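Keep in mind the model is a prediction, meaning the values are calculated, not measured. Remember, it's 1-based here, ligands and their atoms both numbered in the order they're listed. Along the sequence shown, the residues carry numbers beginning at 1.
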Amino acid sequence: MKLQDVINDLEKRYPHQPEFIQAVKEVAITISSVYDSHPDYSRCNIFERLTEPDRTISFRINWEDDQGNIQVNRGWRVQFSNAIGPYKGGLRFHPTVNESVLKFLGFEQIFKNALTGLPMGGGKGGSDFDPKGKSDSEIRRFCYAFIRELYKYIGKDMDVPAGDIGVGGREVSYMFAMYKNLTHEYSGVLTGKGVGFGGSLIRTEATGYGAVYFLENMLGVHKDNLTNKRVLVSGAGNVSLHAAEKAASLDAIVLTVSDSKGTLYDAKGFDQEKIDWLKKQKEQRKPLEEYVAVFGGEWLAGQKPWQFEADVALPCATQNEVDIAEAKQMHENGVKYIVEGANMPLTAEAIDYVREKNIHYAPGKAANAGGVAVSGLEMSQNSVRQYRSFEDLDLQLHRIIKDIHDSAMRAALACQPEDAPCIDYMTGANIVGFSRVADALVAYGILN
Ligand code: NDP
């Protein structure tokens, strides 16, 4: 089937899955040259095969709240492709979770994981459970109930989930405990565990740090660096605060963070002391706006961070958080680099706009791959029952991100005009990730 026919078919089949269709289109438009020059890809119908998950498991979760009421949520695990390794991808707990969101995330994850060069397939899962306002006991009971259903379908060589929005070290540890309890087995079935019982150092920091390492590589191409660059960060979660921390440590001036309630602006920049305060505040689920009373700055209720002049934007909150109007705002405010810490934070129109305006743009599947890369290193540490040091893992993270950057750059340069003003990382990353998976599928014949 031709790429466009696959998209037409998906649009008919899944009209209620806009995020998934958006992610598929983004890949399709950038791989057409490679697809056309490899007859095996269309002979083996690779694209159609890769746009249908191997399977989607859906289940009901019953759990008891603090008042003794039985609550019901829905859970899913999309096992998209295990062509080059066990299914691997996070679990998201958020009321907006549905099959479309998980299919888009799982589809992206296939190519992101392939880009790391580690043997990991793609998957994603989660629940429409809302952790906000829940007590610790409720979170624990929910995590236990969730994994009591999911444990039948995961395993260290089969499917290895991790965290994502609403799922951090605490939740992963609860789920790991229940898995261990049900199976009598201590294995690396989940990553992002607590350090001290199988977790890897630098896993918590890896996605945000990795995004900034990717940015450093982009700047390096232009013999530039982060010193005194003004940076706008969105979100105040795991990815955002570690991206802010790493950028600040490299002498950038981080001007904003945000959350679903608004944006925090500090013209003096967030230094380590302020970032530590923000981490603690979010950990205790207290309002960001209390920062102003302690450190000064400005709280902009209900607003996003893109209204400020800056050199770099790091959208690190959630999908489609930057639309075309906001992309225009960034351009008008002088932003020259956009690096996606979140998955698909720019809408398709926003991506077209920033590429047209020659803003250097790095897509999430390349720039935020540091987290899953260290998850891959956690899996290998668990397999050989050894721990590696922070410094060793940080070096490895640097090397993996540089490899991703360089391979995406090489693939982009091979197919874009010599005088193009920007490196087309989006095309390059999609080509590299897709080719690695497609070549495996061709070698397997018609089995996945
Ligand atoms: P967290 O739950 O730790 O943080 C998410 C942050 O984004 C919070 O500050 C949250 O605000 C904010 N946010 C979420 N939804 C919205 C919204 N609709 N509008 C405004 N703000 C919003 O998640 P992570 O940091 O782990 O994940 C962030 C992004 O990075 C996601 O796209 C995720 O898929 C991606 N990612 C994460 C990886 C990881 O290792 N964790 C790996 C690779 C990608 P509030 O606190 O108010 O809810």
Subset of ligand 1 atoms that lie under 4.0 Å from at least one heavy atom of A342: 29 (C), 30 (O), 32 (O), 35 (C)

What protein heavy atom sits nearest atom 24 (P) of ligand 1, and how far away is it? V239 CG2, 3.8 Å

Looking at E245 and K279, is there a salt bridge between them, counting it only when a charged N and a carboxylate O are closer than 4.0 Å? yes

In terms of side-chain geometry, is the basic nitrogen of E108 or K124 positioned less than 4.0 Å from the acidic oxygen of its partner? no

Check each atom of ligand 1 against the heavy atoms of R203 and keep those under 4.0 Å away; list them by number with element. 40 (O)

For ligand 1, is Q319 a contact, meaning one of its heavy atoms is under 4.0 Å away? no

Nearest non-hydrogen atom to atom 34 (O) of ligand 1 belongs to which of N320, T318, V167, D164? D164

Is the contact between C316 and ligand 1 made by the side chain, the backbone, both, or neither, using heavy atoms and a 4.0 Å cut-off? backbone

Is it the side chain (CB and beyond), the backbone, both or neither of E205 that lies under 4.0 Å from ligand 1, heavy atoms counted? neither

Selected option - heavy-atom contact closest to atom 1 (P) of ligand 1, from G126, P131, G237, A243: G237

Sidechain N-carboxylate O distance under 4.0 Å for D311, R230: yes

Nearest option to atom 43 (C) of ligand 1, as decided by whichever heavy atom of T191, V101, T207, L105 sits closest: T207

Can a non-hydrogen atom of K132 be found less than 4.0 Å from any atom of ligand 1? yes

Under a 4.0 Å N-O cut-off, is there an ion pair linking D403 with R399? yes

Could you tell me whether K124 and ligand 1 have an N or O pair separated by under 3.5 Å? no

Examine G166 against ligand 1 and note whether any of their N/O atoms are separated by less than 3.5 Å. yes

Is any side-chain N of the basic residue among K402 and D406 closer than 4.0 Å to the acidic one's carboxylate O? yes

Quick one: nearest non-hydrogen protein atom to atom 46 (O) of ligand 1, plus distance? K282 NZ, 2.9 Å

Is the closest N or O pair between S240 and ligand 1 shorter than 3.5 Å? no

Starting from atom 35 (C) of ligand 1, which protein heavy atom do you reach first, and at what distance in Å? N343 ND2, 3.7 Å

If the test is side chain to side chain contact (heavy atoms under 4.5 Å, CB included), which one of F146, F93, W63, F59 qualifies with N73? W63

Before accepting this row, confirm whether a basic side-chain N of the pair D259/R285 lies closer than 4.0 Å to the acidic partner's carboxylate O. no

Between K103 and Y14, is there a side-chain heavy-atom distance shorter than 4.5 Å? yes

Quick test: of every protein heavy atom, which one is nearest to atom 27 (O) of ligand 1, and how far off is it to 0.1 Å? I165 CG1, 3.6 Å

Does at least one non-hydrogen atom of R285 fall below 4.0 angstrom from an atom of ligand 1? no

Considering only heavy atoms from C-beta outward, does the side chain of K25 approach that of E11 to under 4.5 Å? yes

Tell me whether the count of non-hydrogen atoms from other residues, nucleotides or ligands lying under 6.0 Å of CZ in R385 goes above 12. no

Does K180 count as lying over the ring of F197, i.e. NZ or CZ under 6.0 Å from the six-ring centre, within 45 degrees of the axis? no

Please state which option from S260, A367, G208, G168 has its nearest heavy atom closest to atom 11 (O) of ligand 1. S260

Residue, atom and distance of the protein heavy atom nearest atom 3 (O) of ligand 1 read N238 N, 2.9 Å

Quick one: look up the protein heavy atom nearest atom 22 (C) of ligand 1 and list residue, atom name and how far away it is. A317 CB, 4.0 Å

Which of the numbered atoms in ligand 1 are under 4.0 angstrom from any heavy atom belonging to R92? 31 (C), 32 (O), 33 (C), 34 (O)

Under 4.0 Å between a side-chain nitrogen and a carboxylate oxygen: does that hold for R92 and D164? yes

Do we get K365 above F111's six-membered ring, with its NZ or CZ under 6.0 Å from the centre and within 45° of the axis? no

Protein residue, atom and distance nearest to atom 9 (O) of ligand 1, heavy-atom basis: A236 N, 2.9 Å

